[in-house]
Amino acid sequence: MQRDGIYADNFTYPFLLKACTGLKMVEMLHSQIEKNGFFSDIFVPNALIDSYSKFGGLGVKAALKLFVVMEDRDVVSWNSMISGLLKVGELGQARKLFDEMPERDMVSWNTILDGYVKAGEMEEAFDLFQKMPERNVVSWSTMLSGYCKAGDMDMARVFFDKMPAKTLVPWTIIISGYAEKGIVKEAIRLYDRMERYGLELDDAAVISILSACAESGLLALGVKVHSSIERLRFRCSVLVCNALVDMYAKCGSLDKAWSVFNRMEKRDLVSWNAMLHGFAMHGYGREALQIFSRMKKEGFQPDGVTFVGVLCACTHSGFIDEGVEFFYAMEKDYGIVPRIEHYGCMIDLLGRGGRLEEAFRLVHTMPFEPNEIIWGTLLAACRLHNAVELAEKVLDHLLELVPSDPGNYSMLANIFAAAGDWNNVASVRRRMKSIGVKKLSGASSIEIDDEVHEFTVFDKSHPKYDTIYQMIDRLRHDLKQVLHLKDTVIPVEVGEVVI
DNA sequence: TTAGGGTTAG
């Protein structure tokens, strides 16, 4: 049948609906369907609910409107509607529908279970899990993923070990979980076990594990995944390559990131952004800006993420004026309205560049309510330049937003300490004590030969601490020479702690 | 119709 240039029937509508890329398209098909009287088949309205639900609150509203007037509903209609509500965070309403269902299948249970898991309500999820009449690998994986996200790797492991049949998905979840937490040995051990198990990797598994490695700087596992990809002649999609570039860049292997990037047959905006950020983060400002011009030459339109990278590159390489110029060019030449992240970059740029007053002004004049990241950035800049008075003002704002963050107090104490104002250092400490804020000492870790070495302030627990501190002294000495400084205290960072 | 999926300031 042909109407308005569209050929479709009961069988093809679900496919067409699946391919919709916007709410308007779904609406158009919906009115076609109603006009053509193709509503008798349950697959069509079910597909409509599903497609509507892909497009946010408005879509879910439209789906609900349809769901309510449907004469026949099968379990899939209910499941789709519940899943749609969960996508927009309507857990309460989803639960109500779930309770009203005339019959439930495994998917219904798994869907509502995932709703609680995604909301971080693991106790309720556990309760549901126990009440389920039967469970499959999806139910187990849903719980597993919840515990991993909550950082409870002990419970995650219990569920992983106990689950009856493990597909690639639970393996991916637990390995990514360990990797994200920086539990290297277990992550690697399980990765090896998974490979021996003979499971075939797919895009999602590779991307998920690589991004977990990127997050915690876990190069060793990232390299393993990369060599599996090459050994298996895995079809390296743009997404997988992007994940590799990002992982290498975040783990500090810029040369590897660069070589993957260069060998990519096809690149998208994310590939360019990932490479640009890689250079920017590691202080290769010129290289980052070269990437920026090259991507434009090759026809890629920069987006907001690109400009975060560009501004970050300018900050970390000391290109203050250039950074300011890029910031104004964003909107004027590229039509990208700066978001709060961009203002954050600017405050960092100006602040680190010593233009603290300007940074402070920008915080007050920007069209966003400053958040704790903004104030935190400014506080760090005050610390860098020993701007005691400004730091106190900034801290007041910061404490309004996050009253009990120990890091902020420590930062202020450090600023007073650097200025030799020991009375105020003591007063900050007293203030922390009086409201019960405890300073957590920051720990940093590096990974050598699959072994993670962790450091805290004045840490002497490492077997080679002697050599380590000798090296720090040498670095401090060399830096002074290079920078032609005499009496300045050069902060040499060991982990997050300035010695 | 249900579990894992890329880039974003400090």
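Keep in mind that this is a model prediction, so the values were computed, not measured. Per chain, numbering begins at 1; letters A, B, ... match sequence-line order.
A:F261 has its CZ atom 14 Å from the C1' atom of B:dG6, to the nearest Å. One can place CD1 of A:I229 at 13 Å from C1' of B:dG5, the figure rounded to the nearest angstrom. Taking atom CH2 of residue A:W171 and atom C1' of nucleotide B:dA3, one finds them 16 Å apart after rounding to whole Å. A straight line from CG of A:D114 to P of B:dG5 spans 11 Å, rounded to a whole angstrom. Between the CG atom of A:L362 and the P atom of B:dA9 there is a distance of 17 Å, rounded to whole Å. Rounded to a whole Å, the OH atom of A:Y178 is 18 Å from the P atom of B:dG4. In this structure, A:N273 atom CG and B:dG6 atom C1' are separated by 11 Å, rounded to whole Å. In this structure, the NE2 atom of A:H277 is 9 Å from the C1' atom of B:dA9, given to the nearest Å.
The ring pair (Phe, Tyr, Trp, His ring centres under 6.0 Å) test applied to A:W272 returns A:F261, A:F300, not counting sequence neighbours. Listed by chain and number, the residues in a ring pair (Phe, Tyr, Trp, His ring centres under 6.0 Å) with A:Y328 amount to none (sequence neighbours excluded).
For A:D246, the listed nucleotide lying nearest its side chain is B:dT7; candidates were B:dT7, B:dG10, B:dG5. Checking B:dT7, B:dG4, B:dA3 against every side-chain atom of A:T167, the shortest atom distance belongs to B:dA3. Listed nucleotides: B:dT1, B:dG6, B:dA3. Nearest to the side chain of A:I173: B:dA3. Picking from B:dG5, B:dT1, B:dT7 the nucleotide with the shortest atom distance to the side chain of A:V76 gives B:dT1. Relative to the side chain of A:S211, the nucleotides B:dT8, B:dG6, B:dG4 differ in distance, and B:dG6 lies closest. Comparing atom distances between the A:R339 side chain and each of B:dT8, B:dG6, B:dG10 picks out B:dT8 as nearest. Listed nucleotides: B:dT8, B:dG4, B:dA9. Nearest to the side chain of A:N371: B:dA9. The side chain of A:E341 approaches B:dA9 more closely than any other nucleotide in the set B:dA9, B:dG4, B:dG6.
Aromatic rings of A:W109 and A:F98 (six-membered ring for Trp) have centroids within the 6.0 Å cut-off, being under it. For A:F159 and A:F129, the ring centers are positioned less than 6.0 Å apart. In this structure, A:W258 has its ring center at least 6.0 angstrom away from the ring center of A:Y248.
A:R95 pairs in a salt bridge (Lys or Arg N to Asp or Glu O under 4.0 Å) with only one of the listed residues (A:E121, A:E90, A:E124, A:E100), which is A:E124. For the side chain to side chain contact (heavy atoms under 4.5 Å, CB included) test with A:C236, the passing option among A:V238, A:V240, A:L239 is A:V240; the others fail.
Here A:S176 lies out of heavy-atom contact (under 4.0 Å) with every strand. A:L276 comes within 4.0 angstrom of no nucleic acid atom, judged by non-hydrogen atoms across all strands. If you check every strand for non-hydrogen atoms under 4.0 Å, A:A243 touches nothing. Residue contacts shown for A:I340 include a base, since a base heavy atom lies under 4.0 Å away. Across all strands shown, A:I373 has heavy atoms under 4.0 Å from base atoms, whether or not it also approaches the sugar-phosphate.
Figure legend: cation-pi geometry between A:K224 and A:Y191 absent, as NZ or CZ is not positioned both under 6.0 Å from the six-membered ring centre and within 45° of its axis.
Contacts with DNA chain B (heavy atom under 4.0 Å) in residues 118-147 of chain A: A:K118, A:V137, A:V138, A:S141, A:T142, listed by number. Contacts with DNA chain B (heavy atom under 4.0 Å) in residues 192-204 of chain A: A:D202, A:D203, A:A204, listed by number. Residues from residues 291-327 of chain A placing a heavy atom under 4.0 Å of any atom in DNA chain B, listed by number, are A:V305, A:V308, A:H316. Of all the residues in residues 86-112 of chain A, A:V107, A:N110, A:T111 reach under 4.0 Å from DNA chain B with at least one non-hydrogen atom.
A heavy-atom distance below 4.5 Å is found between the side chains of A:M275 and A:L254. The shortest distance between side-chain heavy atoms of A:H277 and A:V305 falls below 4.5 Å. Residues A:F126 and A:Y116 form no side-chain contact, since every pair of their non-hydrogen atoms from C-beta on lies 4.5 Å or further apart.
For A:K393, the NZ atom counts as loosely surrounded, since its 6.0 Å shell holds 12 or fewer non-hydrogen atoms of other residues, nucleotides or ligands. Applying the 6.0 Å contact sphere to CD of A:E369 captures no more than 12 heavy atoms from other residues, nucleotides or ligands. Within 6.0 Å of CD on A:E134 lie no more than 12 heavy atoms contributed by other residues, nucleotides or ligands.
For A:R352, a side-chain nitrogen or oxygen approaches OP1 or OP2 of B:dG10 to under 4.0 Å.
Once rounded to the nearest 0.5 Å, the distance linking CE of A:M330 with OG1 of A:T306 reads 9.5 Å.
Note on A:D192 versus A:R196: no salt bridge recorded, every NZ/NE/NH1/NH2 to OD/OE distance being 4.0 Å or above.
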